[in-house]
A.B. asks: 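My questions all concern the structure below.
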Amino acid sequence: MNIMDIIKGWVNEIRDMGGIKFIILRNKKGLFQVTLPKKKVSHEIFSFVDKLSKEDVIVVEGSSQQGKSRDFDTEIIPEKITLINESETPLPLDPSGKVKAELDTRLDNRFIDIRRPEILAIFKVRHSLLKHARDYLSNEDFLEIHTSKIISTASEGGTELFPIQYFEKKAYLTQSPQLYKQMCMAGGLERIYEIAWYFRAEQHNTTRHLNEATAIDIEMSFIDDEEDVMGILENLIHTTLKGVKEDCIAELNLLEVELKVPEVPFKRLTYDEVVEMLQEKGYNIKWGEDLGTEGERILGKEMENQGYEYYFIKRYPRNKVFYLQPEGKYCRGFDLDCKGIELTSGGQRCHEYDTIVERIIEFGLEPENFKDYLKIFKYGMPPHGGFGFGIERWLMEMLNLNNVRECILFPRDRGRTTP
RNA sequence: GCCCGGGUAGUGUAGUCCGGCCUAUCAUACAGGACUGUCACUCCUGUGACUCGGGUCCGAAUCCCGGCCCGGGCGCCA
């Protein structure tokens, strides 16, 4: 029995064999074959196909039936084809992917680029990732919040900010929701997360940096130490990857990714162990210094050899970030790296007024400049901690992509503000 | 911010080192034609390019200088 079908989409390809023609139609669900044997369709429709060109938007009405195609289980024999809107030719890039285009050309024509199923797949995976991350955090009693992206002063220091004109005042785009998250801890929200934009005016030019990126940020109160935060993080990763693996079989297939779901608990290394290991391998690093890109990479290799993709580095020197809880010459900050790339930074924060003031001074900063921030420690601040987790970097590692720009629809990098 | 590399049809490339048979390669795209089972269809015909400005030279895609644009590394970070 034939089933009448209406299918809407873009002309992906036309193959005209003379007495039989094929239209490969594409939409968000995938590719479909429309078959036109000369003797089975009207003369009108048969010749109408000659007028079509790639990327025209069409509606096909016809009967769906089993075909002889190698790649399609069913094919549609059309009774009616309507041209909804024409596409100009030639196209600025090839959506069928036969001829490769450079990333820059693709990004200039991003709306056509994302018509390619393997590009769309990245964003379907991204969606699934966020859905499962939200579900996990929600189940763990985290409240989803949104904080302002317009701030009056730097929230962390260290990085350059984008200045903006806010009426008669100067303001900045936020580099992180850090201070607001802590404010929510002082506000008694206890467990919060934000899936947020952040902006960094660093002139880096690498395959793993964006000037506008997104992150999953969490903050939680009444923790014993940073291990509580790390526990949430590793379970978040484990649960999310499991969910993505179940949801996105077709997409992962298309992207040729075999997703490994890491077992919890993740491997934990201390900063001291990492430094010692790097020194043994002949990498020049002194205690107290940042690992550096090279150091991170060497460590990533070593961990992969030992069978770990994801691993924590904890007990950093106390000079890491000012708002982290100090402990002797160390602090309670941690990073989570994946295959040599930093994905997350987090830790237990200072929660006592005197400690945070000391820390600000220790970092050569002026407590006077942190008045609003310091206020939240004066009226009942619970012990707390959290992390910021870069979504694009995670996706990039998860899908083995070689450029973080692939993981965001409209990337902003050193030179790009359009489209 | 510092450093390195690049820019050839709509797209992706060969040619650049060592200037001249470059009237610039190939694929794809596009236009037209043939073909009743394609699935990177095949075949025939055609269209289309040396980033811009200056310089060297008899002669520049090729060498030199500057601009613009792009890619990448480092630092910093996620």
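Residue numbering restarts at 1 for every chain, and letters A, B, ... go by the order of the sequence lines.
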A.B. asks: Please report the distance, rounded to the nearest Å, between CG in A/Asn284 and P in B/C74.
C.D. replies: 17 Å

A.B. asks: To the nearest Å, give me how far apart CZ (A/Arg200) and P (B/C77) are.
C.D. replies: 9 Å

A.B. asks: Please assess A/Val257 against A/Met398 for the test side-chain contact (heavy atoms from CB on, under 4.5 Å), listing each intermediate value before the final yes or no.
C.D. replies: CA-CA 8 Å; A/Val257 171; A/Met398 192 185 294; 5.9 Å; no

A.B. asks: Any donor-acceptor pair under 3.5 Å joining the side chain of A/Glu75 to the base of B/G37?
C.D. replies: yes

A.B. asks: Kindly say if A/Ser96 contacts the phosphate of B/U28, meaning a side-chain N or O under 4.0 Å from OP1 or OP2.
C.D. replies: no

A.B. asks: Kindly say whether, by distance alone, the side chain of A/Ser69 makes a donor-acceptor pair under 3.5 Å with the base of B/C39?
C.D. replies: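 Pair found.
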
A.B. asks: Just N and O in the side chain of A/Lys21: are any of them under 4.0 Å from OP1 or OP2 of B/U38?
C.D. replies: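 False: A/Lys21 side-chain N/O out of range (4.0 Å or more) of B/U38 OP1/OP2.
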
A.B. asks: Students often get this wrong, so: under 4.0 angstrom with heavy atoms, is A/Lys68 touching a base, only sugar-phosphate, or nothing?
C.D. replies: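 Result for A/Lys68 = base.
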
A.B. asks: Check whether any side-chain nitrogen or oxygen of A/Thr293 sits under 4.0 Å from OP1 or OP2 of B/G75, and answer yes or no.
C.D. replies: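 It does, given that an N or O in the side chain of A/Thr293 lies less than 4.0 Å from OP1 or OP2 of B/G75.
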
A.B. asks: Output the rounded distance in Å from CZ (A/Arg70) to C1' (B/G37).
C.D. replies: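 Going from A/Arg70 (CZ) to B/G37 (C1'), I get 12 Å.
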
A.B. asks: Do the side-chain N and O atoms of A/Tyr198 and A/Asp217 include a donor-acceptor pair separated by under 3.5 angstrom?
C.D. replies: no

A.B. asks: Can you tell me if A/Arg297 touches the phosphate of B/C74, counting only side-chain N or O atoms and a distance under 4.0 Å to OP1 or OP2?
C.D. replies: yes

A.B. asks: Is the distance from OP1 or OP2 of B/C74 to the nearest side-chain N or O of A/Arg208 less than 4.0 Å?
C.D. replies: yes

A.B. asks: Quick one: label A/Arg405 by what it contacts on the DNA or RNA (base, sugar-phosphate, nothing), any heavy atom closer than 4.0 Å.
C.D. replies: sugar-phosphate

A.B. asks: Do the side-chain N or O atoms of A/Arg15 get closer than 4.0 angstrom to the phosphate oxygens (OP1, OP2) of B/C41?
C.D. replies: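 Answer yes for this pair, as a side-chain N or O of A/Arg15 is under 4.0 Å from OP1 or OP2.
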
A.B. asks: Name the closest nucleotide to the A/Lys54 side chain, picking from B/C77, B/A40, B/A29.
C.D. replies: B/A29

A.B. asks: Ignoring hydrogens and angles, does a donor from either the side chain of A/Arg393 or the base of B/C77 sit under 3.5 Å from an acceptor on the other?
C.D. replies: yes

A.B. asks: From the options B/U28, B/C76, B/U36, select the nucleotide whose nearest atom is closest to the side chain of A/His204.
C.D. replies: B/C76

A.B. asks: I want to verify a distance call: between B/A78, B/C70, B/A40, whose nearest atom is closest to the A/Asp71 side chain?
C.D. replies: B/A40

A.B. asks: Looking only at side-chain atoms of A/His209, point me to the closest of B/G73, B/A29, B/A78.
C.D. replies: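 Ranking B/G73, B/A29, B/A78 by closest atom to the A/His209 side chain puts B/A78 first.
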
A.B. asks: Would you say A/Asn402 places a side-chain N or O within less than 4.0 Å of OP1 or OP2 belonging to B/G72?
C.D. replies: no

A.B. asks: For the atom pair CZ (A/Arg200) and CG (A/Asn211), what is the distance rounded to the nearest 0.5 Å?
C.D. replies: 10.5 Å

A.B. asks: Around atom CG of A/Asp50, are there more than 12 heavy atoms from other residues, nucleotides or ligands closer than 6.0 Å?
C.D. replies: yes

A.B. asks: Report the distance from atom CZ of A/Arg115 to atom P of B/U11, rounded to the nearest whole Å.
C.D. replies: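 Rounding to the nearest Å, CZ of A/Arg115 and P of B/U11 are 17 Å apart.
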
A.B. asks: Report yes if a donor N or O on one partner sits less than 3.5 Å from an acceptor N or O on the other, where the partners are the side chain of A/Glu102 and the base of B/U11; otherwise report no.
C.D. replies: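 By the distance-only test, no, there is no pair.
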
A.B. asks: Might you confirm whether atom CG of A/Asp372 has over 12 heavy atoms from other residues, nucleotides or ligands at distances under 6.0 Å?
C.D. replies: no

A.B. asks: Looking only at side-chain N and O atoms, does A/Thr105 come under 4.0 Å of OP1 or OP2 in B/U11?
C.D. replies: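 For B/U11, OP1/OP2 do not have a side-chain N/O of A/Thr105 under 4.0 Å.
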
